[in-house]
2 protein chains.
Amino acid sequence: MSVRGRILNAKGDLSEAEAKVADYILKHQQQVLKMTIKQLAKASNSSPASVIRLTKRLDIDSFTTLRILLSSDLTKNHSDPKDNADITKNEQLSSIKEKLLSSALQSIRETTDQVNEDEVDHLVSAIIHSQRLFIFGIGASYLAVENISQKWNRIGYPTVADNDLNALLPKVINAGKNDVLWIISNSGESPEVLLAAQTAKEKGVKVASLTRFGNNSLAKLSDISVHTSQPMESPNRIAATNSLLAQFMLIDIIFYFFVSKSFDKSAKALDASHRVVRDYKQSLLK
Amino acid sequence: MSVRGRILNAKGDLSEAEAKVADYILKHQQQVLKMTIKQLAKASNSSPASVIRLTKRLDIDSFTTLRILLSSDLTKNHSDPKDNADITKNEQLSSIKEKLLSSALQSIRETTDQVNEDEVDHLVSAIIHSQRLFIFGIGASYLAVENISQKWNRIGYPTVADNDLNALLPKVINAGKNDVLWIISNSGESPEVLLAAQTAKEKGVKVASLTRFGNNSLAKLSDISVHTSQPMESPNRIAATNSLLAQFMLIDIIFYFFVSKSFDKSAKALDASHRVVRDYKQSLLK
DNA sequence: CTAAAATTGAATTTTTATTTCAAAGGTAAA
DNA sequence: TTTACCTTTGAAATAAAAATTCAATTTTAG
């Protein structure tokens, strides 16, 4: 995993001094490459000991190794300077393409990079052992809800998808321990989704969430939480777009992991689904 | 210049001991990354002093820098050989991630690459000048329909989104020359979408389509057609997934081109939409 | 309010990088 | 052949950097 991914993943567990170092690294990756521990400690207002503690916490064996990883990351992600540029008036199509492509690639790469394997594992197990799977999300996140719903339906795990709290709550009230409610929310702060989560918890329904990275109320409330990468500082307009792609990427990863884990049942079902849809279309043509 | 390049360039000027170190580095780049000077000296049958003399001769300021350059070189030249592998039983999450990532990046890159600028231009003009925009798609493509609908709604162009022919046809029957029907279909061959296209054409409604690349009936029927890249020969299971990401990427490109072209109206509306949703959430919290 | 645990950076120790330097070997002119 | 003068080399010394220890301090839990 990349240094950036490691840092974002560990963010919650870092002490204050460690977090200062981590922030400095995120913001000055290029410079850190050429720094010694002492310099980095000074630049980030901490101490050499904290720098070392951070590297250990990131599961990197030495500061030297950290620099090597960082160098590799920077080469890999070497993204054009087009970064972070917002869309402007009367722009050329080619310029828009470049901007969107570079930020899309970055989002997708980073999201994949920082997938938390344990959480995905929990989520997949929870779904496999659940009786029913409820999925909830509003606004743009409802697209992710639909996507999840369609995918799991295709492998023989019927789901209940909602984007209306009034429709969801009665179902949740009557749900129980063997059910899972998976909530999608980019910010993790919409009152609607928080209410849904709270209600589910009170009924003993297992709550999973998919949010963007970083502290948010929904993730805190959830039993299981997975994350998309937080776009660096990409402008408002593009950010919304990237979060969708990132959500879809993450869903794909989770879905295919699920398929792989329940292969005998799921893969067969998936192939059968493709076949039945094709046959249906054939019959319509006659 | 890469470390390898530097060494080959300097080859003639190296002393015997320096050459031994240089050879060792060329043959064991990966290991050298993790070695100290002393270890490298021993492994190459020379001395620490010779190692340093070599780095200076290569015009590299320190051994630490040499390692950083080497790390970058290795990353740059490491190409991903994970093409076309399907998901199998009980696979590691990391392996699934790699497969999905590499095929996702490819789809998105290719789709962006082969955007037909003229067609996008036509489509954008048609929408700008239209009275009403109908969007239609079934199955997984309905996610793209919803995505388009939400995006244009946000900039003050209300849309009519459907995934049910029974709901769509009555609307199309009563539509006219100034309306646009945009149909999303990966294959471009579903009977439902072909029927929708035919009906619209008969009523003089302009038909746009978004399909995968290559000959397909829907594209032929359409007045305007845009394409996602045709996945090379990626296996069935992953292909479905990639086509969604590619559709979304293409939609983003078209959308932001649209925003850029109608900037004064759209950008303002977009920002206002973000604001009004935020305010609404604030009010719910009180 | 107190005891235990966690956090922190100064100081120290350990390790690594770099420089120095004397020995060894080579070369060319006398 | 001798001698003076390069060049190369690695052992040893030095300098620098990395990693650890530990006591002081803050935070947390009871």
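Quick note on labels: first sequence line is chain A, next is B, and so on, each numbered from 1.
Residue B:Pro48 is classed as a base contact, given a heavy-atom separation below 4.0 Å to a base. Contact annotation for A:Ile52: base contact, defined as any heavy-atom pair under 4.0 Å involving a base atom. Residue A:Ala17 is in sugar-phosphate contact alone, with no base atom involved, counting any heavy-atom pair closer than 4.0 Å across all strands shown. Contacts of B:Thr64 with the nucleic acid, taken as non-hydrogen atoms under 4.0 Å apart, are absent. Contact annotation for A:Lys42: no contact, since no heavy-atom pair falls under 4.0 Å across all strands.
One finds no side-chain N or O of B:Lys56 lying less than 4.0 angstrom from the OP1 or OP2 phosphate oxygen of C:dT18. Side-chain N/O atoms of A:Ser50 include one lying less than 4.0 angstrom from OP1 or OP2 on C:dG9. Under 4.0 angstrom from either OP1 or OP2 of D:dG10 there lies no side-chain N or O belonging to B:Ser46. For B:Arg67, a side-chain nitrogen or oxygen approaches OP1 or OP2 of C:dA17 to under 4.0 Å. The shortest distance between the side-chain N/O atoms of A:Ser62 and the OP1/OP2 oxygens of D:dA18 is not below 4.0 Å. Under 4.0 angstrom from either OP1 or OP2 of C:dT8 there lies no side-chain N or O belonging to A:Lys20.
Comparing D:dA17, C:dT20, C:dG9 by their closest approach to the side chain of A:Ser47 singles out C:dG9. Of the listed nucleotides (C:dT16, D:dA19, D:dA17), C:dT16 has the atom at the smallest distance from the side chain of B:Thr36. Checked against D:dT9, C:dA10, D:dA11, the side chain of A:Ala49 finds its nearest nucleotide in C:dA10.
C:dA6 atom C1' lies 14 Å from atom CG of A:Leu14, rounded to whole Å. Rounded to an integer number of Å, the gap from A:Leu66 CG to D:dA18 P is 11 Å. What separates CD1 of A:Ile37 from P of C:dG9 is a distance of 14 Å, to the nearest Å. Atom NZ in B:Lys34 sits about 16 Å away from atom C1' in C:dT16, given to the nearest Å. Distance, B:Asp61 CG to C:dT18 C1': 12 Å, rounded to whole Å. If you measure from atom CG of A:Leu54 to atom P of C:dA6, you get 19 Å, rounded to the nearest angstrom. Taking atom NZ on B:Lys38 and atom P on D:dA18, their separation rounds to 17 Å, with Å as the unit. Rounded to an integer number of Å, the gap from CZ of A:Arg53 to P of D:dA18 is 16 Å.
Between A:Asp113 and A:Arg4 there is no salt bridge, since no side-chain nitrogen of the basic residue lies less than 4.0 Å from a carboxylate oxygen of the acidic one.
With no hydrogens or angles considered, a side-chain donor-acceptor pair links A:Asn153 and A:Thr159 at under 3.5 Å. Side-chain polar atoms of A:Gln114 and A:Glu110 form no donor-acceptor pair below 3.5 angstrom.
In this structure, A:Ser46 and A:Ala17 approach most closely via the heavy-atom pair CB-O, 4.2 Å.
Considering B:Thr64, B:Leu74, B:Ile60 in turn, B:Ile60 is the only one that fulfils the side-chain contact (heavy atoms from CB on, under 4.5 Å) rule with B:Leu69.
For A:Lys206, the NZ atom sits in a loose shell: 12 or fewer heavy atoms of surrounding residues, nucleotides or ligands are nearer than 6.0 Å.
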